[in-house]
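Here is the structure we will look at, set down as structure tokens.
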Amino acid sequence: QVSRSACLDSGACCAMWATRFWGLGAVVSVAIVAGVPMSLEDGGRGDWAHGVAEAAVAGPDVNSVNTPPMAETAPWIPPNSSSPGLLPFLRNTTRPKLAYSTWVGWYMDGGLNETKLFDQVDAMATKLRPHGWTHILHDYGWQVCGTTYDIEAGCIHVDQYGRLFPSWERYPSTSINNDHTRGTWKPFVDRVHARGIAFGLHLMHGIPKLAVNLSLPILNSTYTADEIVATPLCPTFIPDHWTINASHPGAQLYYDSVVSMWAADGIDFVYLDGIVSDCGWCHLPEAALIADSLRRLGNGMHLFISAGPPSEECGAPFDALSEIAPYVRVGADTIDSWDGAVANGFSAYTRLTAPSVGPHHFGDLASLMVGKVHCRQGSAPHSNRTCGPGPDYYIPGQLASMTENEVVSYASMVAIFRSTWWPSGVLSEMNSFQEALLTNDAVIRVTMAATRPRQVIDAIGRSYAGPGIAWTSDDETTDWKYVLLVNLAAPTSAPREVAVDFVELGLAPMMACEVTDLWSGTALPQAKGRLGGILEPHASLFVKLSACSEISK
């Protein structure tokens, strides 16, 4: 049992109110102090070339949330799976996405196959879709050879035009007439769409090294793969691709052929990786090429760019990237580490990006580490070297690095920043903590229906840098305000106050507001002029302010 105090007004305290609510496998006490203010139809498929080229610290209550069901008319709730409006809805980019990626949960494990992948689709459709969840991403590995793939072996499937196609060994429905020289995702995607879910693929920028080695032709052109690579040669960070020379006329034609093939398959979105990081170059021109192919040939497919921190040196700040793709990664990968969450979520990157966030321009944080992960240990370049407890364990839990407080604090940041949610844990093996975290309609509303996410000055430290962090946003259809307070102090530190003055939220200092804890749905005492809390290290307070009115004199 852990105590978390929230001092809503830091002036002279005149009343004490306390409540207890069920936490994630534990009981959490919260003391509240109140006082006075202080188009190619078949995708151009042909023949093929193949070769090798739980004793966690308890956090806020998410298990017993008693919020009302989300209204069926909420614009982020998907239509019926048989509705003609389903695909336009899935491919609309005016709001963030609630999505699952196989990275971490399965990427480091060689056992992902068609049956297990569809288990994730089924779990999302059954348990999460009623709350707005719609997107499944197959991260890297779908093109790797073998019944149990090994990404270190370097074997991938490439068709006669140098385009990747799925492993027929692990995804048998993708094989065309048992011809192992080409493949199509369409039978699988049709099943996914029948469950009302969108399906997307991870793609490294560039062109497979195998296609270059074999000088494979580019569809509908006189060019070959070896003619369009950039010089000097630049390998992608997953080293089975070469970077493309975006100025070569064959480069656009190559991406056209890839997008046409996937449009014919019914793919809904593409997750383009390595745009900022590889070889220290900025690969913005390549991203622009595939974005252009998607606009002309993608049938509504939308684009995610995995870029890492915005880099002025690369010439690719968030604003430039978000003109190319509606969803742009901000920050590097997170695994099972609070340090990664701080470096990416609670950082200058999010503060500087936030003013640009809005329809068709969203910043994506890295994986939300929650649930069961299948991560392979080892020292090879693409093994998860932080997977000490592996290969299978739950986050948070007795073997995990991140605590419940840390997971909930990072999830709160994902929500208020309006990021796509990318939970790491396998959906088909969700425990009660993960399911409760991912189905909290009040928190989901912050992601989907808030505007103007922004970091504001902590009233105690008077700094953006912490250890006290404060964020706020406004509801798009009501006068509600959302506030997130987080204590980033070292875990050995004593609890400290984190607070924000109402003027920082755009409220008059002599106002009083009703306060509701978003994770628990618990009504907290009225806040007057300031909202604050005495928070354990890495704990947070995530609330809704409503019914604000001027304090009578």
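This chain uses plain numbering: 1 for the first residue, then up along the sequence.
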inquiry  = Are the side chains of F346 and V486 in contact, using a 4.5 Å heavy-atom criterion?
reply    = yes

task = May I ask you to decide if the ring planes of F362 and Y327 are parallel, tilted or perpendicular, using 30° and 60° as cut-offs?
result = parallel

request  = Report yes if some heavy atom in the side chain of T472 is under 4.5 Å from a heavy atom in the side chain of V500; otherwise report no.
outcome  = no

query = Would you say the side-chain atoms of T447 and R95 include a donor-acceptor pair closer than 3.5 Å?
reply = no

query = Which atoms form the tightest heavy-atom contact between V330 and F318, and what is the distance?
reply = CG2-CD1, 4.1 Å

query = Can you tell if the side chain of I460 reaches within under 4.5 Å of the side chain of V498, non-hydrogen atoms only?
reply = no

query = Do C548 and M511 come close enough that some side-chain heavy atom pair is under 4.5 Å?
reply = yes

inquiry  = Between the side chains of K544 and D475, is the shortest nitrogen-to-carboxylate-oxygen separation below 4.0 Å, so that they form an ion pair?
reply    = no

key: side-chain contact (heavy atoms from CB on, under 4.5 Å) against A354, all qualifying residues, sequence neighbours excluded   = F417, W471

remark   = All heavy atoms of L518 vs all of A442, minimum pair found to be O-CB, 3.8 Å

Contact check, side chains of L437 and V407, non-hydrogen atoms, under 4.5 Å = yes

key: Aromatic plane relationship, F199 with H138 - under 30° parallel, 30 to 60° tilted, over 60° perpendicular   = perpendicular

task = Could you list the residues that satisfy salt bridge (charged side-chain N to carboxylate O under 4.0 Å, His left out) with R351, not counting sequence neighbours?
result = none

inquiry  = If you define the side chain from C-beta out and look only at heavy atoms, does anything of E429 sit under 4.5 Å from Y394?
reply    = yes

message = For a ring pair (Phe, Tyr, Trp, His ring centres under 6.0 Å) check, start with the C-alpha distance between F304 and W422, then their side-chain angles and the critical distance, and finish with the verdict.
response = CA-CA 12 Å; F304 290 77; W422 294 109; 5.5 Å; yes

message = Please tell me whether S540 and S409 have a donor and an acceptor in their side chains that are separated by less than 3.5 angstrom.
response = yes

request  = Report yes if the side chains of W133 and P423 come closer than 4.5 Å at any heavy-atom pair, otherwise no.
outcome  = yes

request  = For side-chain contact (heavy atoms from CB on, under 4.5 Å), just list the numbers for V408 and F542, CA-CA rounded to whole Å, side-chain angles, deciding distance to a tenth of an Å, and then say yes or no.
outcome  = CA-CA 10 Å; V408 173; F542 196 20; over 6 Å; no

Nearest heavy atoms of K481 and L507, plus distance in Å = CE-CD2, 3.8 Å

task = Give a yes or no on whether a salt bridge exists between R454 and D474, defined as a side-chain N under 4.0 angstrom from a carboxylate O.
result = yes

